[in-house]
Amino acid sequence: MSNDTIANIITSIRNADMNKKGTVRIASTNITENIVKILLREGFIENVRKHQENNKYFLSLTLRHRKTRKGIYKIILKRISRPGLRIYSNYQRIPKILGGMGIVILSTSRGIMTDREARLEKIGGEILLYIW
């Protein structure tokens, strides 16, 4: 396991999604909890449950699998800013993913939020990941 908790979340969700697993268990930190709340609010996951094992907290995520004509709907997550290369943006230059259909998750001075919320509050920050 590496020190990049965001990359660990993305990899766990991507692996479970590719293998059509129903649940994912990830370590619970403040950053992971905020990102999971955004995923839950935007409808990419169905349920979140927090539990404790040996004085460590974990989040159990229930993934949402949707059927489409061409197969099963996949969650596509892409890490942008990473420990070796940080990417920052002001609120005017936050990219729109798929013409606004995707979501950009940013780390701002007011917490972790989506691109729409950051544009409304007119604040920029570090671009953490893209979701579509």
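Worth knowing before you read on, the calculation uses all heavy atoms, side chains too, and leaves out hydrogens, waters and symmetry mates. Index from 1, following the sequence.
Within 6.0 Å of CZ on R93 lie no more than 12 heavy atoms contributed by other residues, nucleotides or ligands. In N30, the CG atom is not crowded: 12 or fewer heavy atoms of neighbouring residues, nucleotides or ligands sit closer than 6.0 Å. Counting non-hydrogen atoms of neighbouring residues, nucleotides and ligands closer than 6.0 angstrom, the CD1 atom of I31 reaches no more than 12 such neighbours.
The cationic group of K50 does not satisfy the cation-pi geometry with F58, failing either the under 6.0 Å distance to the six-membered ring centre or the 45° limit from the ring axis.
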Just do the side chain to side chain contact (heavy atoms under 4.5 Å, CB included) check on F44 and I75 with the steps written out, would you? CA-CA 7 Å; F44 289 102; I75 301 172; 4.2 Å; yes
Step by step, would you call N8 with I26 a side chain to side chain contact (heavy atoms under 4.5 Å, CB included)? CA-CA 8 Å; N8 289 340; I26 58 174; over 6 Å; no
Run the side chain to side chain contact (heavy atoms under 4.5 Å, CB included) test on V24 and K21 for me, step by step, so that the C-alpha distance in whole Å, both residues' side-chain angles and the decisive distance to 0.1 Å come before the verdict. CA-CA 8 Å; V24 179; K21 299 281 185 189; 5.8 Å; no
H51 and R25: side chain to side chain contact (heavy atoms under 4.5 Å, CB included), yes or no, with the steps? CA-CA 10 Å; H51 59 88; R25 192 181 116 185; 4.1 Å; yes
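A salt bridge links E117 and R41; the closest N-O separation between the charged side-chain nitrogens and carboxylate oxygens is under 4.0 Å. Ion pairing between a basic and an acidic side chain is recognised when a charged N comes within 4.0 Å of a carboxylate O; E126 and R82 show no such pairing.
In this model, a donor atom of one side chain and an acceptor atom of the other lie less than 3.5 Å apart for E33 and S28.
One hydrophobic cluster, built from ILVMFWY side chains closer than 4.5 Å, cannot hold both L40 and L106; they sit in different ones. Residues I127 and I6 are members of separate hydrophobic clusters, defined by side-chain heavy-atom contacts under 4.5 angstrom among Ile, Leu, Val, Met, Phe, Trp and Tyr. Linking ILVMFWY side-chain heavy atoms closer than 4.5 Å, directly or via other members, places I38 and I94 in two distinct hydrophobic clusters.
Put simply, CH2 on W132 and CD1 on I97 are 6.5 Å apart, with the number rounded to the nearest 0.5 Å. Taking OG from S12 and CG from L77, the interatomic distance works out to 10.5 Å, rounded to the nearest 0.5 Å. Summarising the geometry, atom CG belonging to L128 is positioned 7.5 Å from atom CD1 belonging to I105; distances are rounded to the nearest 0.5 Å. Atom CE of M113 and atom CD1 of I103 lie 14.0 Å apart (nearest 0.5 Å). From I13, atom CD1 reaches atom CE of M18 across 13.0 Å, with rounding to the nearest 0.5 Å. R79 contributes atom CZ, which lies 10.0 Å from atom OG1 of T11 (distance to the nearest 0.5 angstrom).
The shortest distance between side-chain heavy atoms of L63 and T23 does not fall below 4.5 Å. With a 4.5 Å cut-off on side-chain heavy atoms, I80 and V104 do not count as touching. Put simply, the side chain of T108 reaches to within 4.5 Å of the side chain of R110, judged on heavy atoms. A heavy-atom distance below 4.5 Å is not found between the side chains of L59 and R49.
Listed here is the closest heavy atom pair of I131 and L129: CG1-CD1, 3.4 Å. The two residues P95 and D115 come nearest to each other via the heavy atoms O-OD2, 4.0 Å.
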